[in-house]
K.L.:
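Okay, handing you the structure first.
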Protein chains: 2
Amino acid sequence: MANATSIRRFILGLLARQPMSGYDIKRFLKSMSWLIDSPSFGSLYPALHSLLEGDLVTVEVIPRQDKPSRKIYSITETGKRALREWMEQPIASGASLKAFLMRLILASNLSHAGLLVHLRQRRAEVAIHHRTLQEVAGAMDAGTDLGERLAFDYVLTMATVELDWLDRVLDQLSQSRSSVEAT
Amino acid sequence: MANATSIRRFILGLLARQPMSGYDIKRFLKSMSWLIDSPSFGSLYPALHSLLEGDLVTVEVIPRQDKPSRKIYSITETGKRALREWMEQPIASGASLKAFLMRLILASNLSHAGLLVHLRQRRAEVAIHHRTLQEVAGAMDAGTDLGERLAFDYVLTMATVELDWLDRVLDQLSQSRSSVEAT
DNA sequence: AAGCGCATGTAAAAGGTTACATGATTAC
DNA sequence: GTAATCATGTAACCTTTTACATGCGCTT
């Protein structure tokens, strides 16, 4: 997959909001555990080191006596460019729900236009999925396994609701932007 | 996580329905790609080899001239026991949606009671999640990032719908079983 | 005195994907 | 004649988790 949202990228996106230490990031992610389960330190710190190597972030070391130094990471211009480039290219089709939500959070921070693009793209994908499901529905007969029928009904229900949600949100966001521009 | 649904286990569950070759499994999984993305051969064949090593499955080799032999895998008694034990212990909380759906498919094949247990357990978890979300809602103020508010609204909407869906399905399944028992 | 929060990190293992290797048969 | 489907597998790589290592300060 050319384009999954790895924690490396997500961390870069978070650092675009404000400089943070590894522990800060962990705490922030933990506070949003209702959304995405936060990565472990075993992936968090190496991810920061790798961003540092690529010059996508810089670090300011704040030494403290008898304790490990705090290390505050900030995004660089190179990092901002990389982030923008990544956000501009469409998310891989079939990407996970988690990837969609992660990107939703990052997108709102970059530009209103980018946010709309992201939501519209999601809408297009869910619509395709929805159509696929309806084709599958035709191929299902009474002999189909109960579990499969249930799973199918579940997925179809969720896809339908998600389409409604996306339409509603897109409507609201388009209107609010128009009114802002009219001001 | 003590209990994620790895492909290894899912394959074992599929073989409990009927003996299949690796390619058969791949084809079956592909036909359900609307549900779960099918594993690659690079994980499928090693998974089968490892099941074989643990005596959870046996293989019947059907040689064909000038072609790779077909290898039909069947679940053993040991395998059935392992599967039942695994299905009996509750799914890890915070398990992925994919894990829930995979198990849903397998559960329907084992026993009606097991299916109900699985769905009720899911209901309990989604209910907890739903409550958590309402607490988070209280902690959100107007200053909360737009993306986070949207992601929150998305997750809350979906959780609400899922609860409704689970209630509806549980209701139907309980009734249908009662009527069968009354016969 | 025990445990949690702070704060950083490393090493091993798990679990997967992608790309490669091989080769016949069938469909367009 | 070119591509897809059938059919098996291996090796290198990627990402992430789990468990370990260290140690201070605060609360119960």
Side-chain angles (χ1 to χ4, degrees), chain A residues 1-12 19-31 33 36-54 57 59-73 86 92-96 98-99 102, chain B residues 1-12 19-31 33 36-54 57 59-73 86 92-96 98-99 102:
Chain A
M1 213 136 289
N3 204 287
T5 308
S6 59
I7 33 157
R8 199 167 156 279
R9 286 204 240 242
F10 190 58
I11 287 173
L12 185 63
M20 283 193 278
S21 72
Y23 203 86
D24 289 337
I25 293 170
K26 176 75 173 166
R27 205 181 321 132
F28 176 75
L29 256 12
K30 209 176 168 185
S31 78
S33 57
I36 42 183
D37 37 72
S38 61
S40 60
F41 286 119
S43 57
L44 184 53
Y45 286 116
L48 284 169
H49 299 333
S50 118
L51 287 173
L52 205 56
E53 258 185 60
V57 300
V59 66
E60 190 197 353
V61 182
I62 299 166
R64 295 170 305 164
Q65 65 284 29
D66 296 330
K67 292 192 220 177
S69 306
R70 289 198 86 222
K71 298 188 172 179
I72 310 294
Y73 292 89
W86 168 56
S93 81
S96 68
K98 192 174 160 180
M102 282 174 135
Chain B
M1 211 135 288
N3 203 288
T5 308
S6 58
I7 34 158
R8 199 166 156 278
R9 286 203 239 243
F10 190 58
I11 287 173
L12 183 64
M20 282 192 277
S21 71
Y23 203 86
D24 288 338
I25 293 170
K26 175 74 174 166
R27 205 181 321 130
F28 176 75
L29 257 11
K30 208 176 167 186
S31 78
S33 56
I36 42 183
D37 37 73
S38 61
S40 60
F41 286 119
S43 57
L44 184 54
Y45 286 117
L48 284 169
H49 298 332
S50 117
L51 286 172
L52 206 57
E53 258 185 60
V57 300
V59 65
E60 189 197 353
V61 182
I62 299 166
R64 294 170 304 164
Q65 65 284 29
D66 296 330
K67 292 194 224 178
S69 307
R70 289 197 85 223
K71 298 189 173 178
I72 311 293
Y73 294 88
W86 168 57
S93 81
S96 68
K98 192 174 158 180
M102 282 174 134

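Naming convention: chains lettered A, B, ... in sequence-line order (proteins, then strands); numbering from 1 in each chain.
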K.L.:
Side-chain contact test, heavy atoms from C-beta onward, threshold under 4.5 Å: evaluate it for A:Y73 versus A:I25 and give yes or no.
P.N.:
no

K.L.:
Could you go through residues 38-45 of chain A and list every donor-acceptor pair under 3.5 Å that involves a side-chain atom there, pairing it with any protein atom two or more places apart or in another chain?
P.N.:
unit_1, atom_1, unit_2, atom_2, d
A:S43, OG, A:S40, O, 3.1

K.L.:
B:F10 CZ to C:dG15 P: how many Å, rounded?
P.N.:
17 Å

K.L.:
Evaluate the side-chain proximity of B:W86 to B:R9: yes if any heavy-atom separation is below 4.5 Å, no if none is.
P.N.:
yes

K.L.:
Who pairs with A:S21 by side-chain hydrogen bond (donor to acceptor under 3.5 Å, both in side chains), at least two apart in sequence or on another chain?
P.N.:
A:D24, A:R70

K.L.:
To the nearest 0.5 Å, how far apart are CG in A:L48 and CD1 in A:I11?
P.N.:
5.0 Å

K.L.:
Quick check on the helix from C:dA1-D:dT28 to C:dC28-D:dG1: what's the angle between its two end axes, five base pairs per end, to the nearest 10°?
P.N.:
40°

K.L.:
Could you run down nucleotides 6-15 of chain D 5' to 3' and tag each one B, S or - for protein heavy-atom contact under 4.0 Å?
P.N.:
BBBBB-----

K.L.:
My understanding is that only residues two or more places apart in sequence, or in another chain, count here; which of them pass salt bridge (charged side-chain N to carboxylate O under 4.0 Å, His left out) with A:R8?
P.N.:
none

K.L.:
Any heavy-atom pair between the side chains of A:K71 and A:I62 that's under 4.5 Å?
P.N.:
no

K.L.:
Hey, could you give me each pair passing salt bridge (Lys or Arg N to Asp or Glu O under 4.0 Å) that has a residue in residues 36-47 of chain B? Not counting sequence neighbours.
P.N.:
B:D37-B:K98

K.L.:
Please state how far atom CZ in B:R8 lies from atom P in C:dA13, giving the value in whole angstrom units.
P.N.:
18 Å

